[in-house]
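Positions are given from 1, in the same order as the sequence printed here.
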Amino acid sequence: MNNFIKYLKHSLVSKLIISVGLTVILSISAWTYFNINNINAQIMNNVISSTDRLTNSIKLGTHYAMMLNSRDEITQIINNIATQPEIENIRIYNKEGQIKFTNQKEEVDKVVDIKEVACDICHKQDPPLARIDIQKRTRFFESEKGHRLLGIVQPICNEPGCSTECHFHPEHQKILGSLDVVVSLEQTDLKILKIKKGIINLALYTILITSVIIFFFTLQFVKKPIGKLIEETRMIAEGKYNEDLDIGKDYEIGLLGAAIKKMGTQIGLDQAELKKQKNEYQSLFETVPCMITVQDKDYRLLRWNKMFNDRFDPEPGSHCYSAYKGLEEKCFDCPVEKTFVDGKSHYGEAEGIGKNGGKNHWMFITSPVTDAEGNVVAAMEMSIDITSKRRLERELQRSEENYHAIFNNISNPVFVVDIQTFEILDCNIKALEVYGYSRKALLKKLFPDFFSKEEKSKLIKKMKSGQEINKVKHLIQNFGSIYVDMWVSPSRYSDKKVLLVTINDITKRLETEQHLIHASKMATLGEMSTGIAHELNQPLSVIKSSSSFCLKKMRKNEKIEKEIFNKLISKIDSNVDRAEKIIHHMRQFARKSEIKLARIRINDVLQRTFEMFNQQLKIHGIDVIWDKNEALPEILGDPDRLEQVFINIVINAKDAIEEKWEKEGIDRGDDDRITIVTRLIDDRVIIEIHDTGIGIQKDAEDKLFEPFFTTKEVGKGTGLGLSISYGIIKECEGLIRIERGMQGGGGLRCIFSCD
């Protein structure tokens, strides 16, 4: 008995049968329990629903008889329905709890207690409920015969016909009584019991059959194959690697048997390989591409390989220090001695005289050789010749010295920047001069510290992509600043990936450009002076006439009507604002400013340009035709400088039309015009300004944007307008070019990206 219990505790088969059997029993038992409860609930719900429908049918069947107050007919209907075998009682109560109609004659006119179950359902609240959920109207109880009964109460409501036609019940009375139907559940309970027995029997048979199948399946497909696997494993332990047992072709067990057999075969192959490797050891020792010696505690050479023999040609029994370096005694800092002392490996570098008389360099590492008890009985020393490496290092050092000489004499600042951290790793002397820092201070900085906070993230992104970066503001020592162009290229520095950043200080060049741009603005203002004078003359004339009228009235002591006075003052005020706006626009246009890129709407810039030009063009009889796309996205640009560009282009267009009049000797025509078109094509904002003027000669197209080139007569142009405009458009990351074949003959097209 004890052996059987022990077998059950430790046997894989018994554990598998018990665990799977218990799982099956619990699963089928749970299924049986929930299935019985579910079927029981469904049957009872069906009985309740059918009884409730029967109650509604009785209520509807007696409705007409109640309207006629025909008691005999109501009684007959109830008695007829009560003849069905499942129905126990049908009662109709009035609101005082008196039974008015029933299939039991002895119960007629009997008054029941209001707290009885049938009445208490409605009378729990005062006034009684008119609408009650079916679950609350349902009750279960036992009959005198011992079987269960189901009772459903249905309130009888006061309908409009009861108060208006028969006038028997007052309108305010909501509930007239209730209908109580009691049915027997004897047959239903027998049916449920029969179903329960069937489900339980099915579950027991299923558990029994499944358990038998599991038992025999486990014995056949688990216990027997495992026994064979154990036998095969024992054979492998005994060294019988090629014995073959038939385990079968079951998928998992068969694969396991094949794996064990393969393991045995592999162990046999490994044993053969081990013997082969043992034989190859001597060959490897001799042919390995490094020098190997084995030394005893007296530093005598016990063994050495071919490479050591070829390099130093030692004699049998010689000492290592004599063979390596030609010394009479051991080295002062001997790594072999350290290995014998602490039993650890030691490594380093050494130099000595070779067989050819030249100086050799080598790297070495020592390793202890121990006996079975772990005692160090010898030391193995392995060396690699690094003579060629040392020669290359000296050449590299000379090359680096030359590199530093060239690096420090470059006329532009150059930085070596870590590609990951942007730490400044190195810089030349010119960088120290331009930025004003000492080398020690500069090598502690991060390169993005030169950028302003607003531009830092954008410029770092451009540096990572290796782009050329133009006109960048750099912060230098003592809170100063310079403007530079940057060339960034990836490179390597001390085995690191770096960015080589070359700087060109363009501060003075930009100052010169600023002076040229300002000079161009002043020249433009000079050309616009006539139109501006006319533009200012209009609001001044209105102010003069309005103020003169008021003074004249005041001198004559004549009263000015309030409405007229308000109108005159409003005119003066609006025209003062208009003149002030023109003067402010002129001042803003004439002032010097650095380029500041921002998100702008190009249509607004064009409109502001023509606020200063409109009158001048009218005086010259030139119409302006607008074709604007009002849904253009914003672009990146400097609104003040773009305004200067468009003024230069419009002035050139006006001059071209006037030059046509002079050369062709014609009068001003109605078809002379300047056309401005704005549109969006492939995420690019396009501005076209073209005219009906004399046009640009083909041989002048290539020189049109060069400084000081002009097609106008001497004294009529500086040759700076389009050159400066080209630079401004480029700074705004745009493009300007000549276009032919436009409406009106030709003109200029400006293109800006919407990114």
Peer 1: Any chance you could measure Asp385, atom CG, to Met363, atom CE, to the nearest 0.5 Å?
Peer 2: 11.5 Å
Peer 1: For residues Leu636 and Arg599, determine if any side-chain heavy atom of one lies less than 4.5 Å from a side-chain heavy atom of the other.
Peer 2: yes
Peer 1: Do Ser318 side-chain atoms and Glu315 backbone N/O form a donor-acceptor pair below 3.5 Å?
Peer 2: yes
Peer 1: Measuring only between side-chain heavy atoms, which start at C-beta, is Lys330 closer than 4.5 Å to Glu337?
Peer 2: yes
Peer 1: How would you list, by chain and number, every residue that makes a side chain to side chain donor-acceptor pair (under 3.5 Å) with Asp342, sequence neighbours excluded?
Peer 2: His346
Peer 1: Looking at residues at least two apart in the chain, or sitting in another chain, which of them share a side-chain contact (heavy atoms from CB on, under 4.5 Å) with Ile213?
Peer 2: Ile209
Peer 1: Within a strict 4.5 Å, meaning less than it, do heavy atoms of the Pro314 and Asn309 side chains meet?
Peer 2: yes
Peer 1: Apply side chain to side chain donor-acceptor pair (under 3.5 Å) to Ser383 and list each qualifying residue two or more places apart in sequence or on a separate chain.
Peer 2: Tyr324
Peer 1: Distance-only check: which donor-acceptor pairs under 3.5 Å involve side-chain atoms of residues 410-432, not counting sequence neighbours?
Peer 2:
| residue | atom | partner | partner atom | Å |
| --- | --- | --- | --- | --- |
| Asp418 | OD1 | Gln420 | N | 2.8 |
| Asp418 | OD1 | Thr421 | N | 3.0 |
| Asp418 | OD1 | Thr421 | OG1 | 3.4 |
| Thr421 | OG1 | Glu423 | N | 3.3 |
| Asp426 | OD1 | Arg439 | NH1 | 3.1 |
| Asp426 | OD2 | Tyr493 | OH | 3.3 |
| Asn428 | OD1 | Val414 | N | 3.0 |
| Asn428 | OD1 | Ala431 | N | 3.1 |
| Asn428 | ND2 | Phe407 | O | 3.4 |
| Asn428 | ND2 | Asn412 | O | 2.9 |

Peer 1: Would you name the heavy atoms of Trp487 and Glu468 that are closest together and state the gap between them?
Peer 2: NE1-CD, 3.4 Å
Peer 1: Do the side chains of Val336 and Glu381 get nearer than 4.5 Å, heavy atoms only?
Peer 2: yes
Peer 1: Rounded to the nearest 0.5 Å, what separates atom CZ in Phe308 from atom OG1 in Thr293?
Peer 2: 5.5 Å
Peer 1: For Asp371, give me all partners under side-chain contact (heavy atoms from CB on, under 4.5 Å), at least two apart in sequence or on another chain.
Peer 2: Glu373, Asn375, Val377
Peer 1: Tell me every residue that passes side-chain contact (heavy atoms from CB on, under 4.5 Å) with Ala441, counting only those two or more places apart in sequence or in another chain.
Peer 2: Tyr437, Ser438
Peer 1: Closest heavy-atom contact between Ile384 and Cys290?
Peer 2: CG1-CB, 4.0 Å
Peer 1: Give me the atom names and distance for the closest heavy-atom approach of Ala378 to Leu302.
Peer 2: CB-CD1, 4.4 Å
Peer 1: Would you say the side-chain atoms of Asp296 pair up with the backbone N or O of Asp298, donor to acceptor, closer than 3.5 Å?
Peer 2: yes
Peer 1: Sequence neighbours left out, what passes salt bridge (charged side-chain N to carboxylate O under 4.0 Å, His left out) with Lys464? Give chain and number order.
Peer 2: none
Peer 1: Sequence neighbours left out, what pairs pass ring pair (Phe, Tyr, Trp, His ring centres under 6.0 Å) with at least one residue falling in residues 372-399?
Peer 2: none
Peer 1: How long is the span from the OH atom in Tyr347 to the CD1 atom in Ile365, to the nearest 0.5 Å?
Peer 2: 8.0 Å
Peer 1: Would you indicate whether the side-chain heavy atoms of Ile469 and Val472 approach each other to under 4.5 Å?
Peer 2: yes
Peer 1: Lys338: which residues meet the side chain to side chain donor-acceptor pair (under 3.5 Å) condition with it, sequence neighbours left out?
Peer 2: Asp333
Peer 1: Thr339 side chain to Ser367 main-chain N or O, any donor-acceptor pair under 3.5 Å?
Peer 2: no
Peer 1: Counting only N and O atoms by type, is there a donor-acceptor contact under 3.5 Å from the side chain of Thr210 to the main-chain atoms of Ile207?
Peer 2: no
Peer 1: Decide if atom CD of Glu433 counts as having more than 12 heavy atoms of other residues, nucleotides or ligands within a radius under 6.0 Å.
Peer 2: yes
Peer 1: Would you list the atom pairs, donor with acceptor, under 3.5 Å between side chains in residues 445-458 and any protein atom, with sequence neighbours excluded?
Peer 2:
| residue | atom | partner | partner atom | Å |
| --- | --- | --- | --- | --- |
| Asp449 | OD2 | Leu446 | N | 3.3 |

Peer 1: Please output the side-chain donor-acceptor pairs of residues 20-29 that fall under 3.5 Å, not counting sequence neighbours, one pair per line with the distance.
Peer 2:
| residue | atom | partner | partner atom | Å |
| --- | --- | --- | --- | --- |
| Thr23 | OG1 | Ser19 | O | 2.7 |
| Ser27 | OG | Thr23 | O | 2.7 |
| Ser29 | OG | Ile25 | O | 2.7 |

Peer 1: Which distance, rounded to the nearest 0.5 Å, do you find between the CD of Glu329 and the NE2 of His319?
Peer 2: 11.5 Å
Peer 1: What I'd like to find out is whether the side chain of His474 reaches to under 4.5 Å of the side chain of Ile503, using heavy atoms alone.
Peer 2: yes
Peer 1: Report yes if the side chains of Met486 and Val501 come closer than 4.5 Å at any heavy-atom pair, otherwise no.
Peer 2: yes
Peer 1: Strictly distance-based, threshold 3.5 Å: is any side-chain N or O of Thr370 a donor or acceptor partner for the main-chain N or O of Val376?
Peer 2: no
Peer 1: Quick one: list whatever passes salt bridge (charged side-chain N to carboxylate O under 4.0 Å, His left out) with Lys496, sequence neighbours left out.
Peer 2: none
Peer 1: Is the shortest heavy-atom distance from the side chain of Met380 to the side chain of Ile292 under 4.5 Å?
Peer 2: yes
